[in-house]
Amino acid sequence: MKPIIDILEQRVSDVMAVVAGESADAPAAIIKSSANPQFGDYQANGVMALAKKIKQNPRELAQQIVAKLDVGDMCEPPEVAGPGFINFRLKPGWLAQRLTEAICDPRRLGIDSCENPPTTVVDFSGPNIAKQMHVGHLRSTIIGDTIARVLEFWYGNPDKVIRQNHVGDWGTQFGMLVQYLIQHRINLAISSMQGSEADSLANLEDLYRKSKESFDNDPQFAASSRDCVVKLHNKDSSVMPFWQSIVKTSLDECQKIYDSLGVNLTEHDVRGESFYNDKLPSVISELSAAKLLQESDGAQCVFLDGFKTKEGEPLPMIVQKSDGAYLYATTDLAAIQYRVGQLRADRIIYVTDSRQKLHFEMLFACVRQAGWAGESVRLEHVPFGSVLGDDGKPFKTRSGENVKLKSLLDEAELRARQVVEEKNPDLPPDLKQRIAHAVGVGAVKYADLSNNLVTDYIFNWDKMLAMEGNTAPYMQYAYARVQSIFRKGQVDVADLLAQNHSLELAAPEEIGLAKLLLRYGEVVETVARDLRPHLLTTYLFDLAQTFSGFYTNCPVLKAEGTSRNTRLLLCYQTGRTIQHGLGLLGIETIEQM
RNA sequence: GCGCCCGUAGCUCAAUUGGAUAGAGUCGCGGACUUCGAAUCCGAAGGUUGCAGGUUCGAGUCCUGCCGGGCGCGCCA
């Protein structure tokens with residue numbers, strides 16, 4: 001189904017073009033859903049801009065447009081209001097017809113997929129695998145996952161979305177780790193086979209700490225570590241197995257976190273720094289060939305217009321250090337070449353914290369100048385703020401360490417379990433555990449995604465697990481209540497849908513709910529375009545609240561005939577929309593909680 | 001010092017990117033369970049959008065200058 005906004009946009013724009021005549025290019029109709037119900041359901045804001053352009057009275061112009069406008073099939077007669085708005089109020093009969101269509105669409109809820117979806121790379125998560133995943137990886141991982149899910153749905157073609165996990169599996173710290181293993185004759189691959197999972201995990205933590213200690217305190221070890229880095233770069237067979245054992249062990253740990261978080265990332269999405277290692281020399285030579293490379297203090301640099309140091313001098317993007325080593329800028333350049341050249345990406349999205357903003361600005365400027373990404377390739381950085389503790393400082397443990405994602409998730413589940421025990425002690429234990437997992441993980445993700453990306457947010461267990469307010473548990477509860485109606489009424493959904501159902505929207509709560517349900521597609525489209533997940537949580541919360549109002553005022557099972565049928569279908573579509581929307585956020589729904 | 005981001009109700013956040021009377025949640029206050037799950041709902045209260053100018057039909061949003069905070073600014077990622 002074509003979105004309501006698009007239908008109105010089309011019709012109003014057509015009339016505007018006629019009214020404007022050939023003299024002027026008519027501006028767009030700019031249809032928005034109205035903020036205030038007093039102004040109807042949708043409004044056209046573009047008339048005033050046109051009036052200005054062709055020097056006419058905006059209200060009179062709006063009147064002319066309304067007179068020529070043919071929207072009688074879907075709206076009550078449109079009204080001109082204020083300085084020149086046109087307000088539209090949808091007819092209940094037309095709403096019912098559209099909603100029926102949405103309900104009968106088993107897969108897409110009546111939402112069209114976009115035309116010509118671009119092949120899109122979503123680069124997210126990207127943990128440094130020398131260490132366990134911690135809270136610093138949380139936002140990129142769940143925001144990136146959501147963006148990938150939303151785009152997959154909006155594009156209507158999962159093949160068009162390519163997840164890339166640009167893990168840090170290369171670099172100087174690996175020299176240190178490998179050197180430690182060699183020196184102590186430890187093969188992680190073997191010890192993790194023999195030991196328990198906890199052992200291999202502890203090994204990695206220990207390994208990092210111990211080798212760091214040696215590196216800092218033992219000059220000879222530090223020297224050997226640096227040699228080890230060189231050997232790694234040369235793919236020396238005496239060190240590679242050790243490196244591989246670290247990578248494998250570490251990625252396995254990451255995978256457990258992803259699985260537990262419900263994040264759609266697998267080993268197939270991993271293209272770590274090591275993947276690009278071979279391609280770095282050609283990055284330099286191609287930059288050189290493009291006449292972009294300059295030496296400065298022994299380092300190979302690209303100087304781009306508009307970037308300055310604190311002294312006001314040109315700020316270089318260093319692509320090769322004076323000792324010959326490459327940097328993350330080099331790897332990112334190679335990654336863009338790979339993504340545009342091999343993956344055929346038309347759109348590349350980077351989900352990282354906002355501190356890397358400057359880096360991406362320079363990176364994008366560089367590939368534009370080098371011609372590695374033409375105008376047709378969209379490069380987008382999605383920056384986000386930090387996770388803070390109650391004190392407003394970066395979220396850390398009491399001892400000042402980064403909070404491990406594993407312990408974070410364990411605690412989420414534990415706290416959710418306590419709530420379930422309190423609210424619903426009679427459920428079977430395994431069900432309680434499933435609920436606790438869905439609620440706990442959902443709460444963490446929802447709390448993150450419901451914030452505007454650019455702002456920092458304060459991590460607060462009590463708020464994210466609260467049953468009241470804009471939280472995952474509230475949303476999941478709303479869903480469970482819908483399901484409860486079907487259970488209680490022993491309504492078979494398949495039968496319900498198979499009936500020749502005629503929707504009849506009468507009560508204001510029914511009409512309001514129907515209108516909101518039909519706006520789901522607009523929201524998905526906006527999120528896909530602007531990459532702002534909190535717009536989706538806002539919508540879902542609005543929907544859940546509107547449903548609650550409907551639920552208290554409109555008995556479903558006690559209603560009869562068409563009314564009962566209508567209300568059941570409204571419940572069905574509400575449940576489905578919440579489930580689908582939460583699904584795009586990577587959050588599970590549960591039938592009872 | 002320069003650059004980027006931010007400043008909105010006591011608190012946590014929105015505001016469809018320039019649209020109408022700035023909205024939610026939460027806290028506190030007042031109501032609603034014999035009724036499909038009260039983990040809910042309804043109501044009232046709460047504001048000089050950091051300050052001062054400017055742009056225009058119209059500004060929380062854009063421009064300028066201050067104040068306050070966060071982040072970044074050559075060989076880490």
Side-chain angles (χ1 to χ4, degrees), chain A residues 5 30-36 38-39 43 45-46 48-49 51-52 57-59 81-85 87 126 128 168 171-173 273 296-301 306-323 325 327-329 331-332 352-359 361 383 385-386 388 392 419-420 422-424 450-452 454-458 460 463 466-471 473-474 476-478 480-489 522-523 526 530 532 534-535 538-539 541-542 545 548-549 551-559 567 571 592-593:
Chain A
I5 282 194
I30 314 182
I31 307 296
K32 306 279 184 188
S33 55
S34 301
N36 188 333
Q38 169 192 354
F39 302 124
Q43 62 186 53
N45 295 342
M48 289 167 287
K52 190 171 191 176
N57 179 298
R59 279 193 66 101
F85 296 102
N87 294 338
N128 183 327
T172 48
Q173 75 269 50
E273 292 172 346
S296 172
D297 294 339
Q300 297 298 322
C301 304
F307 298 97
K308 293 194 171 110
T309 66
K310 46 188 157 186
E311 284 80 28
E313 279 154 34
L315 175 69
M317 183 167 77
I318 301 177
V319 291
Q320 190 171 22
K321 302 204 292 188
S322 47
D323 67 2
L327 297 96
Y328 74 132
T331 312
D332 275 340
T352 80
D353 74 272
S354 48
R355 285 178 300 208
Q356 297 190 46
K357 201 163 187 266
L358 182 61
H359 165 66
E361 282 170 8
S386 313
L388 306 177
V419 179
V420 176
E422 184 190 322
K423 300 286 182 188
N424 233 334
S450 58
N451 274 290
N452 195 335
V454 298
T455 53
D456 297 345
Y457 78 93
I458 292 174
N460 184 311
K463 280 190 181 160
M467 303 300 151
E468 50 281 317
N470 190 7
T471 66
Y474 176 89
Q476 289 166 320
Y477 175 69
R481 259 202 320 185
V482 175
Q483 298 317 109
S484 168
I485 290 173
F486 288 96
R487 269 200 309 275
K488 180 102 177 181
E522 296 165 17
V523 176
T526 307
D530 296 347
R532 296 196 303 166
H534 86 274
L535 297 176
T538 302
Y539 169 80
F541 182 56
D542 195 6
Q545 284 199 121
S548 284
Y551 179 90
T552 23
N553 290 303
C554 302
V556 177
L557 297 175
K558 284 179 190 157
R567 291 175 181 183
C571 287
Q592 43 182 322
M593 59 188 287

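Quick note: numbers below take in every heavy atom, side chains included, and nothing from hydrogens, waters or symmetry partners. Reminder, nothing fancy here: chain letters follow the sequence lines and each chain counts from 1.
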Taking only side-chain nitrogens and oxygens of Ser484(A), does any of them come within less than 4.0 Å of OP1 or OP2 of G37(B)? yes
Please list every stem that involves RNA chain B, where a stem is a run of 3 or more consecutive Watson-Crick or G-U wobble pairs with both pairing distances under 3.5 Å. B:1-5 with B:69-73, B:10-13 with B:23-26, B:29-32 with B:40-43, B:50-54 with B:62-66
Assign C73(B) to syn or anti; the rule is syn for a glycosidic angle within 90° of 0 and anti otherwise. anti
Taking atom C1' in both C13(B) and G60(B), what distance in whole Å separates the two? 14 Å
How far does the P atom of G50(B) sit from the matching atom of G68(B), given to the nearest Å? 16 Å
With a 4.0 Å cut-off on heavy atoms, is Gln592(A) in touch with a base, just the backbone sugar-phosphate, or nothing at all? base
Answer yes or no for this row: Phe541(A) ring on G25(B) base, centroids under 5.5 Å, planes under 30°. no
Would you mind building the protein contact string for nucleotides 72-77 of chain B? One character per nucleotide, 5' to 3', B for base within reach (heavy atoms under 4.0 Å), S for sugar-phosphate only, - for untouched. SBBBSB
What closest approach, in Å, do His534(A) and Ser450(A) show between heavy atoms, and which atom pair accounts for it? CB-O, 3.5 Å
If you compare every side-chain N and O of Lys52(A) against the phosphate oxygens of U56(B) (OP1, OP2), does one of them come in below 4.0 Å? no
Could you give the CZ-to-C1' distance, from Phe307(A) to C4(B), as a whole number of Å? 11 Å
Whole-angstrom distance between C67(B) and G28(B), as gauged at atom P: 39 Å
Measure distances between side-chain N and O atoms of Gln43(A) and base N and O atoms of A20(B), and say whether any donor-acceptor pair falls under 3.5 Å. yes
Suppose we screen for side chain to side chain contact (heavy atoms under 4.5 Å, CB included). Which residues come up paired with Thr331(A), at least two apart in sequence or across chains? His166(A), Glu273(A), Tyr276(A), Leu280(A)
Please state the P separation for the pair A59(B) and G54(B) - nearest whole angstrom. 13 Å
Quick note, His534(A) side chain, CB onward, closest among A15(B), C36(B), C41(B) is A15(B)
Can you measure Met48(A) atom CE to C57(B) atom C1' for me and round it to whole angstrom units? 8 Å
Pair Ser386(A), Arg355(A): side-chain N/O donor-acceptor within cut-off below 3.5 Å: no
Pro83(A) has a side chain; which of C57(B), U16(B), C36(B) sits nearest to it? C57(B)
Using only heavy-atom distances, decide whether a donor-acceptor pair under 3.5 angstrom links the side-chain of Gln38(A) to the base of U21(B). yes
Walking RNA chain B from its 5' end, the first of Arg481(A) and Phe85(A) to be reached, judged by nearest nucleotide, is Phe85(A)
